[in-house]
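This report refers to the structure that appears directly beneath it.
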Amino acid sequence: MTRIKRGYIARRRRTKIRLFASSFRGAHSRLTRTITQQKIRALASAYRDRGRQKRNFRQLWIARINAVIRSNKVDYSYSRFIHNLYKRQLLLNRKILAQIAILNRNCLYMISNEIIKYEDCKESSGMLKMEFSGE
């Protein structure tokens with residue numbers, strides 16, 4: 001029986017994998033088996049680290065906002081600030097708040113002071129209602 005030539009399909013598949021691993025060092029860019037293993041590993045790491053990157057950036061934004069908020073008032077914290085933002089229905093995400101905190105600190109101070117004033121007014125009006133209802 002005559003030998004069957006495989007043709008170009010397997011070679012095309014291998015060159016496609018080699019192009020992916022061309023920047024790897026040593027056998028990871030030369031040997032087909034190790035290239036495929038490293039490709040699987042690289043794609044798994046990329047998938048995992050995309051989630052980590054989101055987590056790390058959110059952590060960074062929270063730390064920046066917290067630092068600026070605490071420098072403004074002694075007893076005011078990040079968690080109270082975010083809670084009051086949600087109560088006032090000011091839907092600013094943490095990324096935008098962190099950019100405001102870095103680039104325009106006074107603007108963030110104004111936002112937090114307005115929220116504090118609003119909360120103080122609400123509490124004082126609540127106290128007045130309680131006093132009048134008590135009589």
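Atoms considered below: every heavy atom in the structure, side chains included; atoms not considered: hydrogens, waters and symmetry mates.
No donor-acceptor pair under 3.5 Å is formed between the side chain of Asp49 and the backbone N or O of Arg52. Judged by distance alone, the side chain of Thr15 and the main-chain N or O of Arg11 form a donor-acceptor pair under 3.5 Å. A donor-acceptor contact shorter than 3.5 Å links the side chain of Asn84 to the backbone of Arg80. Remark: side-chain polar atoms of Arg30 are paired, donor with acceptor, to backbone N or O of Gly26 under 3.5 angstrom.
Grouping the Ile, Leu, Val, Met, Phe, Trp and Tyr side chains by contacts below 4.5 angstrom, directly or via other members, places Ile96 with Leu85. Each of Leu60 and Ile65 belongs to its own hydrophobic cluster when Ile, Leu, Val, Met, Phe, Trp and Tyr are linked at side-chain heavy-atom distances under 4.5 angstrom. The hydrophobic cluster containing Ile62 also contains Leu92, counting ILVMFWY residues as joined when their side-chain heavy atoms lie under 4.5 angstrom apart, directly or transitively.
Summarising the geometry of Ser22 relative to Ser29, their closest heavy-atom pair is O-CB, 4.3 Å, with the distance given to 0.1 Å. Across every non-hydrogen atom of Ser77 and Arg70, the tightest pair is CB-NH2, 3.6 Å. Contact record, His28 with Ile35: O-CG1, 3.1 Å, taken as the closest heavy-atom pair. Residues Phe81 and Tyr76 come closest through the heavy atom pair CA-OH, 3.4 Å. In this structure, Ala101 and Arg64 approach most closely via the heavy-atom pair CB-O, 4.4 Å.
Side-chain contact between Ile17 and Thr32 is absent, with no heavy atoms from C-beta onward closer than 4.5 Å. Contact annotation: the side chain of Asn56 never approaches that of Trp61 to less than 4.5 Å [non-hydrogen atoms, C-beta and beyond].
Within 6.0 Å of the CZ atom in Arg48, the count of heavy atoms belonging to other residues, nucleotides or ligands exceeds 12.
Expressed to the nearest 0.5 Å, how far CG of Leu91 lies from OH of Tyr86 amounts to 7.0 Å. Within the model, atoms OG1 of Thr36 and CZ of Arg18 stand 10.5 Å from one another, a figure rounded to the nearest 0.5 Å. Atom CD of Gln53 sits about 15.0 Å away from atom CZ of Arg58, to the nearest 0.5 Å. Leu31 CG to Gln38 CD: the interatomic distance, rounded to the nearest 0.5 Å, is 11.0 Å.
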Test side chain to side chain contact (heavy atoms under 4.5 Å, CB included) on Val68 and Tyr78 and set out the steps. CA-CA 9 Å; Val68 172; Tyr78 165 81; over 6 Å; no

Show the numbers, then the answer: is there a side chain to side chain contact (heavy atoms under 4.5 Å, CB included) between Gln59 and Arg55? CA-CA 6 Å; Gln59 223 172 13; Arg55 220 173 318 160; 6.0 Å; no

Could you go through Arg94 and Ile82, starting from their C-alpha distance and side-chain angles, then the distance that decides it, and tell me whether this counts as side chain to side chain contact (heavy atoms under 4.5 Å, CB included)? CA-CA 9 Å; Arg94 286 158 182 84; Ile82 293 294; 3.7 Å; yes

Side-chain donor-acceptor pairs under 3.5 Å in residues 102-112, sequence neighbours left out?
from	atom 1	to	atom 2	distance (Å)
Tyr109	OH	Ser71	OG	3.1
Ser112	OG	Asn72	ND2	3.4
Ser112	OG	Leu108	O	3.3
Ser112	OG	Tyr109	O	2.9

